[in-house]
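I'd like to ask some things about the structure below.
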Amino acid sequence: MNSPTAGPEIADSDAPVSNFVRDIIIDDLKTNKFGGRVHTRFPPEPNGYLHIGHAKSINLNFGLAAEFGGQCNLRFDDTNPSKEETEYVDSIIEDARWLGGDWGDRMFYASDYFDQLYEWAVQLIKAGKAFVCDLSGDEVRKQRGTLTEPGQESPYRNRTVEESLDLFARMKAGEFPDGFRTLRAKIDMASANLNMRDPIMYRILHAEHHRTGNKWCIYPMYDFAHGQSDSIERITHSICTLEFEDHRPLYNWYIEQLGIYHPYQYEFDRLNLTYTILSKRKLLMLVQKGLVNGWDDPRMPTVSGLRRRGYTPEAIRNFCRRVGVSKTNGATELSLLEYFLREDLNKRAARVMAVLRPLRVVIDNYPEGQVEEMEAVNNPEDASAGTRLVPFSRVLYIEQDDFREDPPKQYFRLSRGREVRLRYGYFITATGVVKDPATSEIVEVHCTYDPATRGGNAPDGRRVKSTIHWVSAAHAIDAEVRLYDNLFTTENPDDVPEGQDFTANLNPKSLDVVTGAKLEPSLRGASPSSRYQFERLGYFSVDPDSTTEKPVFNRTVALRDTWAKIEKKSK
RNA sequence: AGGGGAGUAGCUAAGCCCGGAUUAAAGCGCUCGGCUCUGAACCGAGAAAUCGAAAGUUCGAAUCUUUCCUCCCCUGCCA
């Protein structure tokens, strides 16, 4: 039985998990580096939907702010109008909020700062730290050098401040076509860090921006926008992923040259999950090619997909906390995520009986036309969930898997001559089967019941080895149930033979639509997105496609299945 | 000698900065047992780590030094 009070292990599970970013913050608080402030930000680019990797970042950034009494902003990194759309910002807001992100009124856009960024660019030109470059994209690439060789300085590098100022103003005024000129920082073409080889600050892009419309035809690069945005928002700890480590010197350079408030960047490892792809580009490809049914397909690792699948924000949050934050790149096992899902659902999901693949059971000695209402516990983990009544009658459905004509050893369920318990019902014993003469498939099982075992207990104390679930045929609701399996068949979907891509590892059996499922009548009118445990099967939630006439359930995750393991081993 | 990161049980990951108080945490996974009207949950036990390798410093090294190995990131006018 579960204890009603929070035990030590529950307190432990809420305790913050030590990580290096947190340690840095604790240090900074100790040395009063930011006057006791902790201010983070979650900075998605609105060019795709959020996925569970972003959830890790959200959890880190908002979690750290909350733990130390600070704040966390939501900021859209929207400096590239050609890839960004309002559909994405809407979904990001919804998803980040669903995950528990609370940014108060601090929702910003890098595009809010375009005017300021432009002024800062002018400031750097005036200081001789930036210049307008007339080189084409190809030429810039050629002159950049390689990993082992230094680059060459642009012939425009030493043009006068006045000329650069004039040209930059004309870039802004729209006098030049896309890609015709750029504004570049004057740093060091010989730097071993490619990001420091006179990086481009602004490029010409005659594209409509989702927020600023046609006001601008020059847009700042990420590097010239991100740190300054952090600075404007007085961010203390700017936490990003590992691939930006190389950018940190540039992040610092801009801030130092500008002489503005200095936030500090720290990098952590992005989340990888086995059997899962977490790349916006690849996820977008799955959507665009119709390999899944949209961003919120329940097989997708997107936040909207997980939500539709039936995940809870708490489960995701606990997972993120447990997975930790470090700088090692590896892949977390999907089973860890599923563990936290089941842990949460076990506490909150009402139990209910549903039969996915029905097999008719006729109880020969049960009075025809009789119906009894059996009392069933809604949630053994939560006494306050109460009980409900489930109708019992002469003809029932049980799971096809729960009857075997030739039971293997260790199979405890129903077979001819064996007695099992119908949960909250009666003990029944199988007496015979009816087969389809054409296919010799079992279509019906005949049983007898023991009237003394009503409710599921034998007064003589005799035991059965198994309890199975059932639904009264006359009272059952028909439903569609969608069973999901991993979207990919391999732990690392990117592990493919030469010349193929990750789609080669797509699991053809990732979706199994069961149309003839039978549900107990209490499920009638179950509200959208509500969650249940179908006893002995798993956790299920109502899909948005569901209607009163045609209920649709998603299997969120199956229950752990020891029998499946035993069966597999004996094969 | 391009630069930047990382290597602790199957996975994730504490500890490393400030060497000894840890028998090198913990969770997941795995194995076994108990309990049970869900083969679930729960409870208990267990296996599992030459701390990437080697050498050095030291009374003492996962922690300090050196060398080596492996993996990841960087040559977008993407973020």
Side-chain angles (χ1 to χ4, degrees), chain A residues 1-2 12-13 17-19 23 27 43-45 47 77-80 82-84 133 135-137 140-141 144-151 178-184 191-197 199-205 219 221-223 225-226 240-249 267 269 274 280-281 319 322-340 342-343 346-347 351 353 376-377 380-381 410-413 421-425 455-457 463-469 533-538 558-566:
Chain A
M1 206 49 218
N2 57 319
D12 275 352
S13 76
V17 174
S18 169
N19 68 62
D23 291 344
D27 265 9
E45 180 189 11
N47 68 343
D77 227 328
D78 57 349
T79 57
N80 185 354
S82 56
K83 297 206 291 190
E84 296 151 6
C133 180
L135 255 25
S136 70
V140 169
R141 194 173 314 124
R144 187 159 23 231
T146 68
L147 294 179
T148 52
E149 297 158 330
D178 286 1
F180 198 66
R181 290 187 222 268
T182 56
L183 181 70
R184 293 228 259 162
S191 173
N193 182 344
L194 270 10
N195 294 120
M196 300 299 271
R197 318 244 263 227
I200 289 167
M201 295 162 60
Y202 267 90
R203 76 287 213 187
I204 299 171
L205 235 39
Y219 291 91
M221 298 288 289
Y222 164 84
D223 288 301
H226 200 92
C240 63
T241 43
L242 253 25
E243 68 272 24
F244 291 101
E245 281 178 319
D246 289 343
H247 294 246
R248 192 181 343 122
E267 310 87 11
D269 58 335
T274 56
K280 275 202 227 174
R281 205 199 93 238
F319 166 75
R322 233 329 165 167
V323 101
V325 175
S326 73
K327 291 174 92 99
T328 35
N329 24 25
T332 298
E333 290 173 348
L334 197 57
S335 59
L336 184 65
L337 211 210
E338 292 182 338
Y339 168 81
F340 284 106
R342 292 190 183 106
E343 180 196 56
N346 177 47
K347 288 180 298 195
R351 307 296 114 133
M353 290 195 284
V377 174
E381 306 289 328
Q410 294 195 80
Y411 183 90
F412 304 143
R413 283 112 96 149
R421 169 167 43 231
L422 292 175
R423 176 148 241 221
Y424 304 122
N457 290 301
R463 303 268 187 146
V464 287
K465 293 203 83 171
S466 178
T467 299
I468 64 177
H469 61 279
Q533 184 197 94
F534 289 0
E535 296 222 27
R536 303 208 305 132
L537 298 175
L559 254 27
R560 284 189 63 216
D561 190 349
T562 306
W563 165 243
K565 268 185 209 168
I566 296 170

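Note on naming: letters A, B, ... go to the chains in the order of the sequence lines (proteins, then strands), and numbering restarts at 1 for each one.
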How would you label the contact of A/His226 with the nucleic acid (heavy atoms, under 4.0 Å): base, sugar-phosphate, or nothing?
->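 No contact.
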Separation of atom CZ in A/Arg141 from atom C1' in B/rC78, rounded to whole Å |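 Atom CZ in A/Arg141 sits about 13 Å away from atom C1' in B/rC78.
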Nearest whole angstrom, please: distance from the P of B/rU75 to the CD of A/Glu149.
-> 16 Å
Donor-acceptor pair under 3.5 Å, A/Arg144 side chain vs B/rU75 base | no
For A/Tyr424, answer base if it contacts any base atom (sugar-phosphate contacts may also be present), sugar-phosphate if it contacts only those atoms, and nothing otherwise; contact means non-hydrogen atoms under 4.0 Å.
-> base
Nucleotides 26-36 of chain B: which of its N/O atoms have a protein N/O under 3.5 Å away?
| residue | atom | partner | partner atom | Å |
| --- | --- | --- | --- | --- |
| B/rA26 | O2' | A/Arg322 | NH2 | 2.7 |
| B/rG27 | O4' | A/Arg322 | NH2 | 3.1 |
| B/rC28 | OP1 | A/Tyr339 | OH | 3.3 |
| B/rC30 | OP1 | A/Lys565 | NZ | 2.7 |

Looking at every strand, decide which applies to A/Ala564 at a 4.0 Å heavy-atom threshold: base, sugar-phosphate, or nothing.
->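 Counting heavy atoms under 4.0 Å across all strands, no contact is made by A/Ala564.
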Find the distance A/Glu267:CD to B/rG3:P and express it as a whole number of Å.
->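 These atoms are roughly 18 Å apart.
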Taking the side chain of A/Thr332 as its heavy atoms from C-beta onward, which of B/rU12, B/rG39, B/rA79 lies nearest to it?
->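 Looking only at heavy atoms from C-beta outward on A/Thr332, the closest nucleotide is B/rU12.
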Looking at CZ of A/Arg560 and NZ of A/Lys565, how far apart are the two atoms once the value is rounded to the nearest 0.5 Å?
->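 With rounding to 0.5 Å, CZ (A/Arg560) is 4.5 Å from NZ (A/Lys565).
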How would you label the contact of A/Arg413 with the nucleic acid (heavy atoms, under 4.0 Å): base, sugar-phosphate, or nothing?
-> base
Answer with base, sugar-phosphate or nothing: what part of the nucleic acid does A/Asn329 contact at a heavy-atom distance below 4.0 Å?
->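 Result for A/Asn329 = sugar-phosphate.
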Name the nucleic acid region contacted by A/Tyr202, choosing base, sugar-phosphate or nothing; use a 4.0 angstrom heavy-atom cut-off, strictly under.
-> nothing
Between B/rU38, B/rC77, B/rG5, which one does the side chain of A/Arg203 approach most closely?
->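 Shortest atom-to-atom distance from the side chain points to B/rC77.
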Atom-to-atom span, CZ of A/Phe180 to C1' of B/rC77 - whole angstrom = 14 Å
Assign A/Ser136 to base, sugar-phosphate, or nothing according to its heavy-atom contacts below 4.0 angstrom with the strands shown.
->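 It contacts base atoms.
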When the distance from CD1 of A/Ile200 to P of B/rU75 is rounded to whole Å, what number comes out?
-> 13 Å
Between B/rA6 (C1') and A/Glu243 (CD): distance, integer Å =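 Atom CD in A/Glu243 sits about 14 Å away from atom C1' in B/rA6.
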Hey, does A/Glu45 reach any base, or is it just sugar-phosphate, or nothing, if we go heavy atoms under 4.0 Å?
-> sugar-phosphate
Do A/Tyr222 and the base of B/rA79 stack face to face, with centres under 5.5 Å apart and an angle between planes under 30°?
-> no
Excluding sequence neighbours, so at least two apart, what forms salt bridge (Lys or Arg N to Asp or Glu O under 4.0 Å) with A/Arg184?
->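 Salt bridge (Lys or Arg N to Asp or Glu O under 4.0 Å) check on A/Arg184 returns nothing, list empty.
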Provide the distance between the two P atoms, one in B/rU70 and one in B/rG44, to the nearest whole Å.
->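 Taking atom P in both B/rU70 and B/rG44, they lie 45 Å apart.
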So, is A/Thr328 close to the B/rG5 phosphate, meaning a side-chain N or O under 4.0 Å from OP1 or OP2?
-> no
Could you tell me whether A/Thr562 contacts a base, only the sugar-phosphate backbone, or nothing, with contacts defined as non-hydrogen atoms closer than 4.0 Å?
-> sugar-phosphate
Among the candidates B/rC77, B/rG2, B/rU12, find the nucleotide nearest to the side-chain atoms of A/Thr148.
->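 The closest nucleotide is B/rG2.
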Spacing between A/Arg248 atom CZ and B/rC74 atom P, to the nearest angstrom |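 It works out to 16 Å between those atoms.
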Watson-Crick or G-U stems of RNA chain B, 3 or more pairs, under 3.5 Å, by first number |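 In RNA chain B, stems of three or more pairs: B:2-7 with B:69-74, B:10-12 with B:26-28, B:30-34 with B:42-46, B:52-56 with B:64-68.
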Is there a side-chain contact between A/Leu422 and A/Ile468, using heavy atoms and a 4.5 Å cut-off?
-> yes
B/rG76: syn or anti, with syn meaning chi within 90° of zero?
-> syn
For residues 327-336 of chain A, please give each side-chain donor-acceptor pair under 3.5 Å, one per line with the distance, not counting sequence neighbours.
| residue | atom | partner | partner atom | Å |
| --- | --- | --- | --- | --- |
| A/Lys327 | NZ | A/Glu245 | OE2 | 3.1 |
| A/Lys327 | NZ | A/Glu267 | O | 3.3 |
| A/Thr328 | OG1 | A/Ser326 | OG | 2.8 |

May I ask you to verify if any side-chain N or O of A/Arg421 is less than 4.0 angstrom from the OP1 or OP2 atom of B/rU38?
->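 Looking at the OP1 and OP2 atoms of B/rU38, neither is under 4.0 Å from any side-chain N or O of A/Arg421.
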So what does A/Ile566 touch, heavy atoms closer than 4.0 Å: a base, only the sugar-phosphate, or nothing?
->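 Base: the residue A/Ile566, judged by heavy atoms under 4.0 Å, touches a nucleobase.
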Starting at CG of A/Asp246 and ending at P of B/rU75, how long is that distance when rounded to a whole Å?
-> 9 Å
So which nucleotide from B/rG39, B/rA14, B/rA41 ends up closest to the side chain of A/Ser326?
->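 That would be B/rA14.
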For B/rC78, does either OP1 or OP2 sit under 4.0 Å from a side-chain N or O belonging to A/Ser82?
-> no
A/Thr182 vs A/Lys327, nearer the 5' end of RNA chain B by closest nucleotide | A/Lys327
For A/Asn47, which contact category applies under a 4.0 Å heavy-atom criterion: base, sugar-phosphate, or nothing?
->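 Touches nothing.
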Hey, does A/Asp269 reach any base, or is it just sugar-phosphate, or nothing, if we go heavy atoms under 4.0 Å?
->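 Here A/Asp269 touches the backbone only, sparing every base.
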Kindly say whether, by distance alone, the side chain of A/His469 makes a donor-acceptor pair under 3.5 Å with the base of B/rA40?
->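 It does not, because no donor-acceptor pair links the side chain of A/His469 to the base of B/rA40 below 3.5 Å.
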Taking only residues two or more places apart in sequence, or in another chain, which ones meet A/Lys83 in a side chain to side chain donor-acceptor pair (under 3.5 Å)?
->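 A/Lys83: no side chain to side chain donor-acceptor pair (under 3.5 Å) contacts found.
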At under 4.0 Å between heavy atoms, what does A/Gln533 touch on the DNA or RNA strands: base, sugar-phosphate, or nothing?
-> base
Side-chain N,O (A/Arg181) to OP1/OP2 (B/rC77) below 4.0 Å =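 Checking A/Arg181 against B/rC77: no side-chain N or O falls below 4.0 Å of OP1 or OP2.
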Map A/Pro44 and A/Leu559 onto RNA chain B by nearest heavy atom, then report which one ends up closer to the 5' terminus.
->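 On the 5' side of the pair lies A/Leu559.
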Might you work through the side chain to side chain contact (heavy atoms under 4.5 Å, CB included) test for A/Leu205 and A/Asn80, ending with a clear yes or no?
-> CA-CA 9 Å; A/Leu205 235 39; A/Asn80 185 354; 4.1 Å; yes
Base, sugar-phosphate, or nothing: which does A/Arg423 touch, judged by heavy atoms less than 4.0 Å apart?
-> base
Drop me the distance from A/His226's NE2 to A/Asp77's CG, to the nearest 0.5 angstrom.
->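 Taking NE2 in A/His226 and CG in A/Asp77, the distance rounds to 5.5 Å.
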Taking side chain to side chain donor-acceptor pair (under 3.5 Å) as the test, write out the residues that go with A/Arg413, two or more places apart.
-> A/Asp402
Can you measure from CZ (A/Arg351) to CZ (A/Arg536) and round to the nearest 0.5 angstrom?
-> 14.0 Å
